Amino acid sequence: MQFSAVSKEINEWSGTVLIAGVLEETNEIQLNSFKTLIKESLLIQRFNQEKFEGKKNQKLSIEILEGQIKRIIFVGLGKAENLLLNDLRKAASIGTRQVLGHEKKLGIFFPWDAFDQSLAAIAVGEAIKLTSIQDLRFKSEPKEKTSIEEVEFIGLGQKAAKLAIAEINPICEGVKFARELVSAPPNFLTPSKLATEAEKLATDYALDLKILDKKDCEDEGMGAYLAVAKGSDLEPKFIHLKYSPKIVKNKIVLIGKGLTFDSGGYNLKVGASQIEKMKYDMGGSAAVLGAARTIAELKPNNIEVNFIVAACENMINGSALHPGDIVKASNGKTIEVNNTDAEGRLTLADALVYACKLEPNAIVDLATLTGACVIALGDEIAGLWTDNDQLSEQLTQAASEAGEGIWRMPMQDSYKSGIKSSIADLQNTGPRAGGSITAALFLKEFVNSSIPWAHIDIAGTCWTEKDRDITPKGATGYGVRMLVNWIKELSFKSN
Ligand code: BES
Ligand code: MN
Ligand code: ZN
């Protein structure tokens, strides 16, 4: 998809289909923009007839008989004073769905000045692209619908356009990559395949890469991670990818849960636990590798970013974990595995210990960790746990700018009694109530308390059962845009 900007008047634009975002209480100035295409009285008449008032989610398609432009799709943005970047995204995606499968070229006319122009253009551009991505990799005869090839922003300032256009594709390619990793089934995306994907990133973008295989992980004493992996015929792969700029003023570690399949192990997922969906249990690793792709392309200054995934499968065989086994993590802590289905935290435990050894300024992990988080927050909001108010604010801000839902949850230390073991240092699950809090408290046991750390539970947000805003049904690519925003902001601040 090619993005460009034209500073011309609408009527000089060379395409035929226009998507126009309009604010509620549509005033003369707004309508004025269209007067060279359609008579104002006619436009007002059509708006009135269809009760189009520019309210959020309203849309109205108007055919034009004369002139170059044949169709304008008006999409409501709501009131100017309440306008959020995400309203621009939603409107752009509504407009995009109207033309999906039949138009190749679009003109986009939005009230760019309602925001910082380049932020507005990035939001609109990414919405168009992310709404229209099709994944046909697993069809034997892929029938690709006509896809949008050219998008022209009309009336956008040149400077803002340049900034925006440089970012839209790198951001969207990161999200697309994450979605494709999540959508790929477990017989296709194995731990080794995930490592190969990291290797490709390393080669394409000159990133440093270290893959620890089983033996290396044994040498590191990663007994918790390896305990999960040993029930599978597939080898675990511990992936460490690194982006480093010339000057490093800030060092960050991003960790993603990378269970390419989670059967539950001997605590097998039965009943309504949706075992067939558990290919998406590597959604955290997809977010992290997707962010790696974007960051490697955008090359932010001053900030080193490490991307870590302890990839494996949670399966059943003769050497799989028994419920009740006691394992030892790489920081020496012993864990009684009272439920083999709480495997994510076991893999993350060793990943967190490894991350701390890099002595970073902050660690953020993303994980499809608990069903309890889905019950609490649904599929549009991820749970955020951290003891660090500043990190909480930064991540919340970065997510909100990206239109990715996030909500800070309590790190209730008194619930730690729930994961006390009578025989080992810890047990891996507590009571059902507050299950995502005890999961966060479990992870905390493996983080050096002097390093700011946040845990983000994306069990609900990494997948959607229906087309939602800029996300077609399926893998959402959740997290990539938030992480990229955060890293960009840190880079900017340390300049
Ligand atoms: N991968 C699951 C969590 C999950 C559940 C993600 C539903 C997406 C949708 C995780 O490994 C798991 O099984 N967690 C258990 C923990 C429990 C045994 C304490 C859960 O949430 O049921
Ligand atoms: Mn599980
Ligand atoms: Zn899992």
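Order of appearance sets the numbers: ligands from 1, and atoms from 1 within every ligand. None of these values were measured; they are calculated from a predicted model. Residue numbers run from 1 in the order of the sequence given.
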Has the side chain of [X] got a donor or acceptor atom that lies under 3.5 Å from a matching backbone atom of [Y]?
| X | Y | value |
| --- | --- | --- |
| T334 | D425 | yes |
| N306 | I252 | yes |
| Q427 | T429 | yes |
| N485 | A398 | yes |
| K129 | C172 | no |

Check: Do D350 and C217 have side chains that get closer than 4.5 Å, going by heavy atoms?
Finding: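 Not touching, per the 4.5 Å side-chain cut-off.
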
Worksheet item: Is there a side-chain contact between F238 and T347 (heavy atoms, below 4.5 Å)?
Response: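 A side-chain contact under 4.5 Å is absent here.
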
(message) Residue by residue, ordered by chain and number, which ones reach under 4.0 Å of ligand 1 with a heavy atom?
(response)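 Residues near ligand 1: K257, D262, K269, M278, Y280, D281, N339, D341, E343, R345, T368, L369, T370, G371, T429, A459.
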
Is any side-chain N of the basic residue among [X] and [Y] closer than 4.0 Å to the acidic one's carboxylate O?
| X | Y | value |
| --- | --- | --- |
| D213 | K215 | no |
| K257 | D281 | yes |
| D204 | R293 | no |

### Query
Would you say the side chains of S450 and N448 form a donor-acceptor pair under 3.5 Å?
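Short answer, yes.
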
Margin query: What protein N/O/S atoms are there under 2.8 Å from the Zn ion (ligand 3), waters excluded?
Written below: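 Protein N/O/S atoms under 2.8 Å of the Zn ion (ligand 3): K257 NZ, D262 OD2, D281 OD2, E343 OE2.
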
- Item | With sequence neighbours excluded, residues passing side-chain hydrogen bond (donor to acceptor under 3.5 Å, both in side chains) with K488 |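 For K488 the side-chain hydrogen bond (donor to acceptor under 3.5 Å, both in side chains) partners, ignoring immediate neighbours, are E167.
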
Practice problem: Measure the acute angle between the ring planes of H455 and W453, then classify it against the limits of 30° and 60° as parallel, tilted or perpendicular. | Solution: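 Judged by the thresholds at 30° and 60°, the geometry between H455 and W453 is parallel.
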
Exercise. Which protein N, O or S atoms lie under 2.8 Å from the Mn ion (ligand 2), given by chain and residue number?
Worked result: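 Atoms qualifying: D262 OD2, D341 O, D341 OD1, E343 OE1.
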
